[in-house]
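For the single chain, residues carry numbers from 1 onward in sequence order.
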Amino acid sequence: MTITYEALQALGLSIDMTRGKPATEQLDLSRALIDDVAQVGYLSRDGIDCRNYGHVLGLPEARELGAQLLGVAADQVVAAGNSSLELMHDVLAFAMLHGLPEGEPWRRADEVALLCPAPGYDRHFAICEALGIRMIAVPMLDDGPDMARVEALVASDSSIKGMWCMPLYSNPTGTIYSRETVGRLARMPAAAPDFRLLWDDAYRFHHLTEERYASPDIVDACRQAGHPDRPLVFASTSKVTVAGGGVAFLASSRRNIDWWQRHVSVRTIGPDKLNQLRHVRYLRDRSTLERLMDRHRAILQPKFEALDATLSKLLGDLPDVSWTRPFGGYFVSLFTPDGYAKRTVEFAAQAGVVLTPAGAAFPYRVDPRDRHLRIAPSCPALADIERAAQVIALSLREALAEGGARAA
Ligand code: PLP
């Protein structure tokens with residue numbers, strides 16, 4: 001029997017698909033971080049007492065782990081608190097207040113803008129809004145941002161101080177930047193001397209298939225292109241260990257790291273080194289981390305497959321509807337015909353499935369074609385994913401039927 005929207009509504013569902021949070025089973029994978037606290041103790045490999053203040057750039061062995069994970073030298077890595085988003089915020093706040101090593105404080109400029117490939121990550125856009133940074137949307141294509149647009153804008157407009165980039169399994173489209181795109185980003189001339197790539201590598205190890213795609217090495221590519229200070233790389237263990245208590249990393253040129261140290265030393269006397277020590281002992285090295293990520297994949301992959309299978313069954317006959325089948329990351333993007341995203345979200349909410357608000361993945365929350373939905377299947381139980389996917393698919397059909405009736 002085919003399921004109807006009304007039948008789903010009658011189930012009284014309550015499923016939250018708004019944010020890319022890890023599920024409880026994923027958090028349980030790293031129980032050792034909690035269980036083994038006493039054994040880890042507080043003395044680092046080098047005899048540093050992690051209970052005390054200091055080491056503003058992070059515990060040396062945590063920086064070394066970050067260096068191994070990000071493929072750069074340890075003196076080019078900062079190991080910090082639990083959130084990479086916080087580091088992105090602080091980099092932009094410091095640039096606004098104090099300027100980057102080679103430039104004036106951004107606050108003195110008439111205008112400061114960042115390029116924002118869209119659909120993109122809503123929290124990047126929220127930082128821009130909070131700091132008064134103008135957002136310029138550029139289309140996200142299959143192999144990364146529309147580089148012809150990016151190159152033309154960056155070369156001609158000195159108010160464009162940087163660009164958000166999520167090179168691997170972009171949130172929310174799952175896009176993998178091609179080698180060519182990365183090379184062009186590294187090489188392109190910029191009118192602003194202090195232009196930066198805000199390289200958010202949040203999903204560097206978060207594969208959904210057996211193929212482990214690799215983020216191209218932007219630090220080296222920029223160095224070779226004569227722009228060593230251009231990239232600021234961000235990553236964290238939020239979705240490797242625990243989302244509320246992981247370790248975040250910032251990697252860049254030595255010059256940028258020195259700049260960071262100058263400003264962050266005003267803000268803190270040092271990070272939580274006990275947590276860094278726990279993480280180093282637990283994660284050990286890249287291959288141990290990759291084995292852990294295989295276990296995350298075993299939990300996540302069936303959820304993405306269930307979502308895809310149900311959408312295929314219920315929407316496969318609609319030529320103007322498409323969705324992504326990502327190779328990694330935490331999100332699926334669903335594209336409706338123009339003008340139907342908001343209404344679909346409303347219908348889904350009325351049937352008990354809460355989605356990220358339509359438009360959230362665009363600067364200023366405006367999807368010019370009102371057609372993009374971000375679906376986050378990681379957190380709900382597998383059994384709920386199929387139900388949620390039915391609700392989303394039939395909500396879209398309700399919206400289309402309503403639109404068709406209005407037009408008639
Ligand atoms: N960057 C991206 C692209 C994300 O999707 C997320 C979380 O969903 C974050 C950063 C947040 O990272 P953190 O927990 O390290 O602040």
Can you tell me if [atom1] on [X] sees more than 12 non-hydrogen neighbours from other groups inside 6.0 Å?
X    : atom1 : answer
E86  : CD    : yes
R286 : CZ    : yes
F327 : CZ    : no
R107 : CZ    : yes
E210 : CD    : no

Going through the distances and angles, do D294 and R212 end up as a salt bridge (charged side-chain N to carboxylate O under 4.0 Å, His left out)? CA-CA 10 Å; D294 287 343; R212 289 183 181 142; 3.1 Å; yes
Counting N and O atoms only, with roles assigned by atom type, does the side chain of [X] sit under 3.5 Å from a partner on the main chain of [Y], one being a donor and the other an acceptor?
X    : Y    : result
E61  : R45  : yes
D46  : I48  : no
H279 : N275 : yes
K273 : G54  : yes
Q301 : A298 : no
H55  : G270 : no
Q276 : A80  : yes

Nearest-0.5 Å distance, [atom1] of residue [X] to [atom2] of residue [Y]:
X    : Y    : atom1 : atom2 : answer
L70  : I218 : CG    : CD1   : 13.0 Å
D200 : L168 : CG    : CG    : 11.0 Å
I3   : Q390 : CD1   : CD    : 5.0 Å
L277 : C50  : CG    : SG    : 4.5 Å
R281 : L33  : CZ    : CG    : 12.5 Å
L92  : I133 : CG    : CD1   : 4.5 Å

Give the C-alpha distance, both sets of side-chain angles, the deciding distance and a yes or no for salt bridge (charged side-chain N to carboxylate O under 4.0 Å, His left out) between E102 and R230. CA-CA 11 Å; E102 64 275 52; R230 180 171 285 188; over 6 Å; no
Where do D194 and W106 land on the side chain to side chain donor-acceptor pair (under 3.5 Å) test, with the steps shown first? CA-CA 10 Å; D194 50 356; W106 289 3; 3.1 Å; yes
Using side chain to side chain donor-acceptor pair (under 3.5 Å), reason through Y282 and S30 one step at a time and then give a plain yes or no. CA-CA 9 Å; Y282 173 61; S30 293; 3.1 Å; yes
Check whether the ring centres of F125 and W164 lie less than 6.0 Å apart, and answer yes or no.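 No, they do not, as the ring centres are separated by 6.0 Å or more.
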Closest heavy-atom contact between [X] and [Y]?
X    : Y    : answer
R374 : T356 : NE-OG1, 3.3 Å
T336 : D370 : OG1-O, 3.9 Å
P271 : A79  : CG-O, 4.0 Å
L59  : S44  : CD1-CB, 3.9 Å
T241 : G246 : OG1-CA, 4.0 Å
V182 : P216 : CG2-CG, 3.4 Å

Would you call [X] and [Y] a side-chain contact if the rule is heavy atoms closer than 4.5 Å?
X    : Y    : result
M140 : S170 : yes
L185 : P167 : no
F331 : T324 : no
I257 : D75  : no
P101 : N256 : yes
S159 : D110 : no
R284 : L289 : no
M163 : F195 : yes

Using a strict cut-off of less than 4.0 Å between a Lys/Arg side-chain nitrogen and an Asp/Glu carboxylate oxygen, indicate whether [X] and [Y] qualify as a salt bridge.
X    : Y    : answer
E346 : K342 : no
D122 : R19  : yes
K303 : D384 : no
D317 : R397 : yes
R254 : D258 : yes
R297 : E305 : no

Just one of Y169, F234, Y330 clears the ring-ring contact (aromatic ring centres under 6.0 Å, His included) bar with Y203, so which one?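 Considering Y169, F234, Y330, a ring-ring contact (aromatic ring centres under 6.0 Å, His included) with Y203 is found only for Y330.
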What's the verdict on side chain to side chain donor-acceptor pair (under 3.5 Å) for Q224 and D220, showing C-alpha distance, side-chain angles and the deciding distance? CA-CA 6 Å; Q224 286 193 32; D220 197 48; 3.0 Å; yes
Apply side chain to side chain contact (heavy atoms under 4.5 Å, CB included) to residues W323 and L373 and explain how you reach the verdict. CA-CA 9 Å; W323 59 93; L373 296 178; over 6 Å; no
Under the criterion side chain to side chain contact (heavy atoms under 4.5 Å, CB included), I'd like the reasoning laid out for R31 against D36: C-alpha separation, chi angles, the key distance, then a yes or no. CA-CA 8 Å; R31 271 302 293 256; D36 298 349; over 6 Å; no
Kindly assign one of parallel, tilted or perpendicular to the pair F94 and W259, based on the angle between their ring planes and the thresholds 30° and 60°.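 Ring orientation of F94 relative to W259: perpendicular.
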For E151 and R184, run side chain to side chain contact (heavy atoms under 4.5 Å, CB included): C-alpha distance rounded to whole Å, both residues' side-chain angles, the deciding distance at 0.1 Å, then the answer. CA-CA 8 Å; E151 284 161 342; R184 288 170 75 173; 2.8 Å; yes
